[in-house]
Amino acid sequence: MALASFTTTDELRHVERLIRETDDGGISLLREVLAYIGAGGGKKVRPRLVILAARACAAPPLAATEAFSDRLARVAASVELIHTASLLH
């Protein structure tokens, strides 16, 4: 079964929304990273892996909470930003 089928569209939309809303803080590399991610789309493999790993380790009641989902999306977005920065640096 494909990795994409294990993560929901809503989860990835949340991650993508957080990335779009990230302020570059006047940092040129971060501005470049955000433009690259925004233009390319991509498969978002790393955010998917973060989501899957968190689901595998979390107790079901915790994984169903909104607070958990928001923290998870923030971690997944951070991983994608760090990965892309490592490619562009």
Side-chain angles (χ1 to χ4, degrees):
M1 190 171 275
L3 181 62
S5 65
F6 286 106
T7 53
T8 69
T9 303
D10 287 342
E11 287 169 320
L12 290 175
R13 279 191 191 134
H14 192 172
V15 170
E16 290 169 354
R17 181 181 54 78
L18 288 171
I19 291 171
R20 279 192 314 273
E21 292 174 355
T22 300
D23 180 14
D24 66 26
I27 301 169
S28 60
L29 177 60
L30 185 51
R31 189 176 311 116
E32 189 177 348
V33 166
L34 293 169
Y36 182 85
I37 292 172
K43 296 177 293 240
K44 306 289 186 279
V45 171
R46 283 155 196 84
R48 289 177 194 275
L49 289 173
V50 168
I51 292 165
L52 291 173
R55 276 204 213 142
C57 296
L62 175 63
T65 66
E66 189 173 327
F68 177 81
S69 296
D70 188 57
R71 285 190 302 243
L72 178 56
R74 290 180 185 283
V75 171
S78 298
V79 168
E80 186 68 6
L81 289 169
I82 291 167
H83 165 69
T84 304
S86 73
L87 295 176
L88 298 177
H89 186 304

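Because the structure is predicted, anything quoted here is derived from the model rather than measured.
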Asker: So, do Leu87 and His83 sit near enough that their side-chain heavy atoms are less than 4.5 Å apart?
Answerer: yes
Asker: List in chain and number order the residues that pass side-chain hydrogen bond (donor to acceptor under 3.5 Å, both in side chains) with Arg20, two or more places apart in sequence or in another chain; answer none if no residue qualifies.
Answerer: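 Here no residue qualifies.
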Asker: What verdict does the side chain to side chain contact (heavy atoms under 4.5 Å, CB included) test give for Asp10 and Arg13, after you've listed the backbone C-alpha separation in whole Å, the side-chain angles of each residue and the deciding distance to 0.1 Å?
Answerer: CA-CA 5 Å; Asp10 287 342; Arg13 279 191 191 134; 3.6 Å; yes
Asker: Shared ILVMFWY cluster between Leu34 and Tyr36, side chains joined below 4.5 angstrom?
Answerer: yes
Asker: How long is the straight-line distance from OG1 of Thr22 back to CZ of Arg17, given to the nearest 0.5 Å?
Answerer: 10.0 Å
Asker: Using the rule that two of Ile, Leu, Val, Met, Phe, Trp, Tyr join whenever any of their side-chain heavy atoms come within less than 4.5 Å, decide whether Ile82 and Leu49 are in one cluster.
Answerer: no
Asker: Looking only at heavy atoms, which two atoms of Leu18 and Ala77 are closest? And how far apart?
Answerer: CB-CB, 4.2 Å
Asker: So, for Leu12 and Pro47, which heavy atoms are closest and what is the spacing to 0.1 Å?
Answerer: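 Taking every non-hydrogen atom into account, CD2-CB, 4.4 Å.
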Asker: Would you say that Asp70 contacts His14 through its side chain, given a criterion of any heavy-atom pair below 4.5 Å between the two side chains?
Answerer: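 A side-chain contact exists here, since the closest heavy-atom pair is under 4.5 Å.
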Asker: Distance from Thr84 atom OG1 to Arg46 atom CZ, nearest 0.5 Å?
Answerer: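 The OG1 atom of Thr84 sits 8.0 Å away from the CZ atom of Arg46.
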Asker: Shortest non-hydrogen contact from Leu81 to Ile19?
Answerer: CD2-CG2, 4.2 Å
Asker: If you look at every heavy atom in Asp24 and Arg31, which pair is closest and at what distance?
Answerer: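 Scanning both residues, the minimum pair turns out to be OD2-NE, 3.1 Å.
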Asker: Closest approach of Asp23 and Leu30, non-hydrogen atoms and distance?
Answerer: O-CD2, 3.6 Å
Asker: Restricting to non-hydrogen atoms, name the atom on Leu72 and the atom on Ala54 that form the minimum distance, rounded to 0.1 Å.
Answerer: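 Residues Leu72 and Ala54, closest heavy atoms: CD1-CB, 3.4 Å.
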